[in-house]
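The chains referred to below are lettered A, B, ... by the order of the sequence lines, with proteins before strands, and numbering in each begins at 1. Keep in mind that the numbers below use all heavy atoms, side chains included, and drop hydrogens, waters and symmetry copies.
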Protein chains: 2
Amino acid sequence: MARQPASGDRPTVKDVAASSGVSATTVSRVLAGNYPVSTATRARVMKAVRELDYVINAQARALGGGGTKTVAFIVHDLVGPSFAYVGQGVEQQATAEGRLCLVCTTHGDPERELELIELMREQQAEAVVLVGGGTNSRTYLERMTQIARALDKSGSRLVLCGRPPLGPDVPATVVEYDNEGGAYAITSYLISLGHRDIVFMGAGEPGHTTIDGRLRGFERAHQAHQLSAPSQQAVAITFDRQSGYRATRDLLAAGRKFTAIFAATDVVASGVLVALREAGLRVPEDISVVGYDDIPLATDLTPMLTTVHVDYEELGRTAVRHALNRDRHAMSQHTVMGVHVVIRDSAGPLPKPARR
Amino acid sequence: MARQPASGDRPTVKDVAASSGVSATTVSRVLAGNYPVSTATRARVMKAVRELDYVINAQARALGGGGTKTVAFIVHDLVGPSFAYVGQGVEQQATAEGRLCLVCTTHGDPERELELIELMREQQAEAVVLVGGGTNSRTYLERMTQIARALDKSGSRLVLCGRPPLGPDVPATVVEYDNEGGAYAITSYLISLGHRDIVFMGAGEPGHTTIDGRLRGFERAHQAHQLSAPSQQAVAITFDRQSGYRATRDLLAAGRKFTAIFAATDVVASGVLVALREAGLRVPEDISVVGYDDIPLATDLTPMLTTVHVDYEELGRTAVRHALNRDRHAMSQHTVMGVHVVIRDSAGPLPKPARR
DNA sequence: TTGTATGCGTTATCAC
DNA sequence: GTGATAACGCATACAA
């Protein structure tokens with residue numbers, strides 16, 4: 001009987017080999033199953049594996065054999081509703097393709113993001129998925145391009161989810177959804193209901209590509225209907241509930257004239273609703289409100305929110321799928337996913353002019 | 001000049017060594033930084049590292065050197081509000097302790113869970129964190145005990161988050177929060193408001209340890225006030241919004257007499273609120289509603305939900321902290337974290353008897 | 001301060 | 001069918 005390894009140090013192929021009276025090579029072959037081995041030998045080896053409770057060492061296998069089979073997922077944080085869904089999609093697709101999934105959070109720190117990408121390069125991650133809108137600055141583009149090239153050289157792949165593409169000659173996979181189209185559609189919907197004074201609540205962060213796209217759609221819809229888009233209002237810098245709440249209150253206090261609010265995100269919309277309710281305004285009878293994202297919260301609000309549906313989970317899945325199954329010689333990949341308006345109860349026809 | 005490695009195959013220490021005219025050992029020392037190296041040599045090596053864009057191979061390092069520095073996080077799915085927070089905590093603490101974080105989802109499949117644990121054993125994960133209530137069945141306990149032992153033998157550690165402990169002689173780290181205490185507290189609060197007919201909405205899944213604990217607290221509060229606890233109602237099997245909605249509607253249709261509903265989770269409560277509103281009942285004037293979890297949704301509901309706050313993020317952090325910094329000889333670890341009632345707007349004094 | 005030799009656990013390449 | 005042996009990329013012990 002071979003030595004019984006003590007608690008804490010794992011048995012190795014050698015232990016199994018000794019215990020079953022064959023060579024380490026044979027053990028490896030039995031476990032891999034990709035090589036002819038006699039039935040009797042296989043049985044003996046498997047018995048020893050069970051007795052020793054042997055499991056293979058993934059690190060060592062990666063060193064000797066092929067790659068590492070890991071996808072890295074880097075995100076601001078895990079608790080944002082959309083982030084969690086993208087993560088779910090990434091993990092799902094990574095698993096479906098036989099990869100493991102590493103997660104890391106940056107909490108908005110760009111330095112940390114760089115560190116993490118470097119770490120993932122060390123880990124030999126096959127794909128590094130970056131999630132969440134970045135700014136569209138020149139330095140950002142340059143830095144990302146450099147990172148894309150570095151990862152490519154390491155045999156890895158940079159994947160951008162919901163960020164703008166870097167250029168046709170940059171080795172990266174980009175998957176976005178149609179921010180502008182969705183905003184155009186839902187703004188048109190409000191206009192078709194008769195609204196002419198619509199506030200876009202979400203300005204204040206120029207260069208943020210997600211919000212910029214939505215704002216562009218908002219403005220384009222006005223142009224398409226020969227309307228002048230009201231200057232965007234209500235600096236909602238942080239894009240949380242509170243900022244939506246405060247911005248709406250300020251708007252009301254300033255006596256601004258409007259019949260509808262297009263909140264840049266559902267979360268902002270939830271704050272808007274609270275402020276309107278506190279002011280004694282009814283939604284949608286007095287003021288219409290729409291959001292963007294269609295997170296589960298949208299149906300929990302009162303009234304249920306009319307918004308733009310984004311399939312974040314599919315976004316994550318697509319990102320990983322494209323990154324792993326790409327043409328080896330392909331450089332830049334770019335996919336834009338569709339979105340659609342979901343009509344619920346928070347937007348209605350224009351109130352009678354007499355009302356306010 | 002040394003060979004420029006082609007795209008796809010990474011430079012190794014040897015490449016760096018050749019390029020900077022030193023031995024591989026010296027390169028290793030420069031990078032590790034834990035050994036005296038002359039300033040000039042260090043500079044030359046670092047220059048070569050930059051030029052070749054070298055990054056260390058984490059797999060190889062793990063094989064030669066010490067452990068792997070990885071924490072695995074296995075969860076039902078990433079999008080549940082509490083799961084996401086626990087995950088956030090796990091990732092945060094793992095990062096703080098210099099570990100990487102692997103995530104896997106089971107989607108409720110026990111077989112998948114077993115596979116994943118085995119996978120994590122191969123990966124040499126230092127800790128394997130299992131999140132979410134399991135059933136308290138005998139087979140579950142036996143299986144988990146076996147897994148705990150297997151992981152322990154591999155030098156890893158099983159961590160149970162929000163699941164019951166396995167026993168004093170089982171090598172596992174368990175971190176729970178006080179389901180029973182929280183339920184006791186919030187039920188007492190309702191009783192103190194005058195309520196005597198309280199429905200506990202969440203029966204129907206016996207053996208589910210989380211819900212069982214809450215139900216126990218509900219019943220104990222009744223006993224403490226010399227009240228007989230109403231038999232639990234409203235089979236809300238799936239614990240989603242819909243089941244809360246349907247169960248409430250059924251309750252109303254059946255003409256059941258009650259003045260308050262204790263929803264087993266905030267998500268269920270959100271469905272309850274919709275059903276009550278549709279029935280023309282006001283909250284809290286006609287019916288009081290309380291939840292459990294205090295997820296962000298709780299403040300987005302109308303009215304804002306009185307509920308039991310659970311610090312899920314801290315739960316995740318504590319789990320990882322205890323698992324990594326335990327006494328090497330400690331077997332079973334068990335921690336119960338506190339919770340507290342958060343009073344908002346959804347529960348009020350008993351309505352006048354005349355009302356219904 | 002630096003270099004040489006060896007080992008980590010596995011797989012691939014040869015030989016038998 | 002099976003086994004010995006040399007990689008894989010890095011870290012450590014030992015020498016110099």
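Applying the side chain to side chain donor-acceptor pair (under 3.5 Å) test to B/Y85 and every residue at least two apart in sequence or in another chain returns nothing. Partners of B/D53 according to the side chain to side chain donor-acceptor pair (under 3.5 Å) rule, which considers only residues two or more places apart in sequence or in another chain, are A/R121. Residues meeting the salt bridge (Lys or Arg N to Asp or Glu O under 4.0 Å) test with B/E313, sequence neighbours left out: B/R317. Every residue two or more places apart in sequence or in another chain that forms a salt bridge (Lys or Arg N to Asp or Glu O under 4.0 Å) with A/K47 is listed here: A/E51. Residues passing the salt bridge (Lys or Arg N to Asp or Glu O under 4.0 Å) test with A/R50: none are found, sequence neighbours excluded. Under the side chain to side chain donor-acceptor pair (under 3.5 Å) criterion, B/T70 pairs with no residue at all, not counting sequence neighbours. Residues that satisfy the side chain to side chain donor-acceptor pair (under 3.5 Å) test with B/R42, not counting sequence neighbours, are absent from this structure.
Here C/dT10 presents its P atom at 6 Å from CG of A/N57, a figure rounded to the nearest Å. Here the C1' atom of nucleotide D/dG9 and the CZ atom of B/R61 are 11 Å apart, to the nearest Å. Summarising the geometry, the separation between CD on B/Q124 and C1' on C/dG9 is reported as 9 Å, rounded to the nearest angstrom. B/K69 places its NZ atom 19 Å from the P atom of D/dC10, with the value rounded to the nearest Å. At whole-Å resolution of the value, CD in B/Q59 and P in D/dG9 are 12 Å apart. At whole-Å resolution of the value, CG in B/L52 and P in D/dG9 are 14 Å apart. Straight-line distance from the CZ atom of A/R10 to the C1' atom of C/dT10: 12 Å, rounded to whole Å. The CG atom of A/D15 sits 11 Å away from the C1' atom of C/dG9 (whole-angstrom rounding).
A donor N or O paired with an acceptor N or O is not found under 3.5 Å between the base of C/dT11 and the side-chain atoms of A/T25.
Distance from the side chain of B/S28 is smallest to D/dT12 among D/dG9, D/dT12, C/dG9. Residue A/S23 has its side chain nearest to D/dG3 when only D/dG3, D/dG9, C/dT10 are considered.
Using modelled atom types and a 3.5 Å distance limit, the side chains of A/H334 and A/E176 yield a donor-acceptor pair. For B/S38 and B/T41, the side-chain atoms include at least one donor-acceptor pair closer than 3.5 Å.
Heavy atoms of B/V27 sit nowhere under 4.0 angstrom from any nucleic acid atom.
Of the residues in residues 29-38 of chain B, B/R29, B/Y35, B/P36, B/V37, B/S38 come within less than 4.0 Å of DNA chain C through at least one heavy atom, sorted by number.
With the nearest nucleotide of DNA chain D identified for both B/V13 and A/G21, A/G21 has the one nearer the 5' end.
Neither OP1 nor OP2 of D/dT2 sits under 4.0 Å from any side-chain N or O of A/T26. Between B/Y54 and D/dC10 there is a side-chain N or O to OP1 or OP2 distance below 4.0 Å.
The rotation axes computed at either terminus of the helix from C/dT1-D/dA16 to C/dC16-D/dG1 lie 40° apart, taking five pairs at each end and rounding to 10 degrees.
Ring-plane geometry between B/H76 and B/H107 is classed as perpendicular, the angle between the planes exceeding 60 degrees on a 0 to 90 degree scale with a lower cut at 30.
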